[in-house]
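What follows is one structure encoded as structure tokens, with my remarks underneath.
Since the structure is predicted, the reported quantities are computational estimates derived from the model, not experimental observations. Chain identifiers are assigned alphabetically (A, B, ...) following the order of the sequence lines, protein sequences preceding nucleic acid strands; residue numbering begins at 1 within each chain.
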Amino acid sequence: MKSFDGKVAFLDRSDINTDEIIPARYLTEITKEALKPFLMEDLNMEGFHPASSFAGASVVVSRANFGCGSSREHAPWAFEVNGIYLVIAESFARIFRQNMFNCGMMAVELPKEDIDVLFSRFSGKETFVSVDLEKGLFVFKAGEDTLEIGFSVSEFDKSLVKAGGWVDFADKNY
Amino acid sequence: MGKTITEKIFDAHRVDNPAGDIQVIRLDAVFCHEITTPVAINDLVARGKDRVFDPSKIKAVIDHVTPAKDSKTAEQGKIIRDWARRHGIKDFFDIGRNGVCHALFPEKGFVRPGYTVIMGDSHTCTHGAFGAFAAGVGTTDLEVGILKGVCAFKAPRTLKVEVTGSLPAGVYAKDVILALIGELGVNGATNKVIEFTGPVIESMSMESRMTLCNMAIEAGGTCGVCYPDAVTVDYLWPFIEKDYPSKEAALADYSQWISDADAEYDGTMTLDVSGLSPMMTFGYKPDQVKPVSEMEGTPVDQVYIGSCTNGRIEDLRVAAAVLKGGRIADTVRGVVSPATPEVYRMALAEGIIQIFMDAGFCVTNPTCGACLGMSNGVLAEGEVCAATTNRNFNGRMGKGGMVHLMSPATAAATALTGKISNSLLYTGKEASA
């Protein structure tokens, strides 16, 4: 199972789509590793620069409808090869969310109020989160400021995370 | 309590209910193309699981970049081609026989009412037009589909959209779905199936129904779906005539795939299209929609007619009716991609290709290429394209480019003037569809 603890990068916009996460021109790559330099290359957002905004980050916090658009699993892979295994958002597009769990990563929804609090209290500060999957608890920390937020992941999704993905699970069971 | 068509399809295909509302269903078809499948193939090989659950239920095509534009795309084609050969996948469509997957596979009769279909492509929702459950999935789900013929979904919920009134002249399925996405928003149907019903849908061709269902994903929908009816039977008849003694018998069988009157919905809405005018997108999200009349005069650099949304024969006929005898503006590049070889052949036979060429369009082979900025019509930074495609994300057709989504009629009129134009103003007549 992957470790989900780490530094948080904040993306303060709804509807971040798969073309922004990894543009189609890179879909000719047939290895995940080759996607590494291109994560979020086309995301036009004030103050966002892929290299510096994601430096050292392993968690992304964003707004509603994250990962909308294409079915490309290249989007989760582009995160994975950059060491980002967890996206926390107000909501996700169905396929992106499923792809994350299918790869043994996590896409966790939090209520809008919690997301608002995360942005207002932690955005712009060096923030870390620790993740307890069993208890369903995030602990966000920036300097002295600490915030605990509960979350839930279904038993099925949890089993995918623990199994490291869906392929072996399905081959064994069906 | 009654059931929706999607619930009935799930009931007939459920093989497991591993946890909560997760349902594992048996698949009637797994569709594959050369962008998302090679990685799945490589992973199966690496895991020592290079198997397919049933080669007759797997259909594969090279469509996104064809002919190959460089060594990387050539390698993608080679991986899927070699795989199809070694597993005896007979329905593999290579160059010369290939076309845009969501136009080609229906045309071959691969989708039937009541079917379950997945593909590593978000516009797989198109096939719901046949009364099927068809969903786009990622590479891992595709891989499991190839290996085991199953896929896991959350229990489906349905948003019912009744389309009433009658379509005015010059207004098409594309305008209806753009207006609907404008109302729903880009996540208005997330985790839901959009069920299209009502008199306007009943009077639509299969091509128009596919245009509608194709863009369900742009509102976040898992699938679009229409009830199978006599139009569906007529379309499928060449493929099913051996299975049924008559069209009436086929229709009677297919009627099991219709929602019950007392089915429970997650939401219902009515869209009266009698007053609808041609619609288009103006921003970087498919729900940023305006009447074409409010955007008229905006200059464009390229007009693209094609894709799994609007590259079928009906679409080319509509565009050709607008273009006939005219010439596109000097300031604009016109690109048309008939979606399949069969569409291309029909367009040739009907003189439509001639009309496009006389008007100054470049006619390409069937491919998805330009729609997602991979080949055959990529935009330069700052350029604007009027397109009959389905996605207007920033950079979709090329880094720094702007895409305006619209119907083939509007795109054709726009090509003539080089500026966003209402087709009715340039033809003064109803384009025959």
Legend entry - Over 12 non-hydrogen atoms of neighbours within 6.0 angstrom of NZ in K141(A):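 Atom NZ in K141(A) is not packed in, count stays at 12 or less.
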
Inset, instruction - Count the heavy atoms of every other residue, nucleotide or ligand shown that sit under 6.0 Å from NZ of K78(B), and state whether that count exceeds 12. - result: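 It does not: K78(B) NZ has 12 such atoms or fewer within range.
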
Shorter than 4.5 Å, heavy atoms on both sides: which option in [options] has the most such pairs with chain A?
| options | result |
| --- | --- |
| V65(B), I79(B), T36(B), D121(B) | D121(B) |
| N390(B), D70(B), V150(B), D16(B) | D16(B) |
| K285(B), E34(B), E75(B) | K285(B) |
| N42(B), V15(B), L372(B), D141(B) | D141(B) |
| V24(B), I35(B), T73(B) | V24(B) |
| I22(B), T190(B), N191(B), D21(B) | I22(B) |

Legend entry - Minimum heavy-atom distance between S70(A) and S122(B), given as atom pair plus value: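 Nearest heavy atoms, S70(A) then S122(B): CA-OG, 3.7 Å.
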
Tell me, do [X] and [Y] make a side-chain contact under 4.5 Å, heavy atoms counted?
| X | Y | result |
| --- | --- | --- |
| C103(A) | T140(B) | yes |
| T28(A) | Q76(B) | yes |
| W77(A) | T139(B) | yes |

Between [X] and chain B, with a heavy-atom cut-off of 4.5 Å, which part of the residue counts as in contact: side chain, backbone, both or neither?
| X | value |
| --- | --- |
| S159(A) | neither |
| N102(A) | both |
| F92(A) | backbone |

Separation of [Y] [atom2] from [X] [atom1] (nearest 0.5 Å):
| X | Y | atom1 | atom2 | answer |
| --- | --- | --- | --- | --- |
| S71(A) | L142(B) | OG | CG | 8.5 Å |
| I217(B) | R94(A) | CD1 | CZ | 6.5 Å |
| E143(B) | E73(A) | CD | CD | 8.0 Å |
| K72(B) | L27(A) | NZ | CG | 11.5 Å |
| F156(A) | N17(B) | CZ | CG | 10.5 Å |
| Q98(A) | T222(B) | CD | OG1 | 10.5 Å |

What part of [X] is in contact with chain A, defined as an atom under 4.5 angstrom from a non-hydrogen atom: side chain, backbone, both or neither?
| X | result |
| --- | --- |
| F53(B) | neither |
| R51(B) | side chain |
| K148(B) | side chain |

Inset, instruction - Could you tell me whether the side chain of D19(A) and the main chain of F393(B) form a donor-acceptor pair under 3.5 Å? - result: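 Here the side-chain-to-backbone pair does not exist.
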
Legend entry - Any donor-acceptor N/O pair, R396(B) side chain to A24(A) backbone, under 3.5 Å: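 Not a single qualifying donor-acceptor pair exists.
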
Legend entry - Heavy-atom pair count under 4.5 Å with chain B, highest-scoring of I95(A), N17(A), I30(A), N99(A):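 Heavy-atom pairs under 4.5 Å are most numerous for N17(A).
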
Inset, instruction - Against chain B, work out which of D15(A), T18(A), D157(A), N44(A) has the most heavy-atom pairs shorter than 4.5 Å and name it. - result: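 Looking at each of D15(A), T18(A), D157(A), N44(A) in turn, D15(A) comes out on top.
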
Inset, instruction - Look at K49(B) together with D171(A) and state whether they make a salt bridge at an N to O cut-off of under 4.0 Å. - result: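 Here K49(B) pairs with D171(A) in a salt bridge, since their nearest N and O are under 4.0 Å apart.
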
Legend entry - Distance-only donor-acceptor check, side chains D42(A) and N394(B), under 3.5 Å: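 Side chains of D42(A) and N394(B): no pair found under 3.5 Å.
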
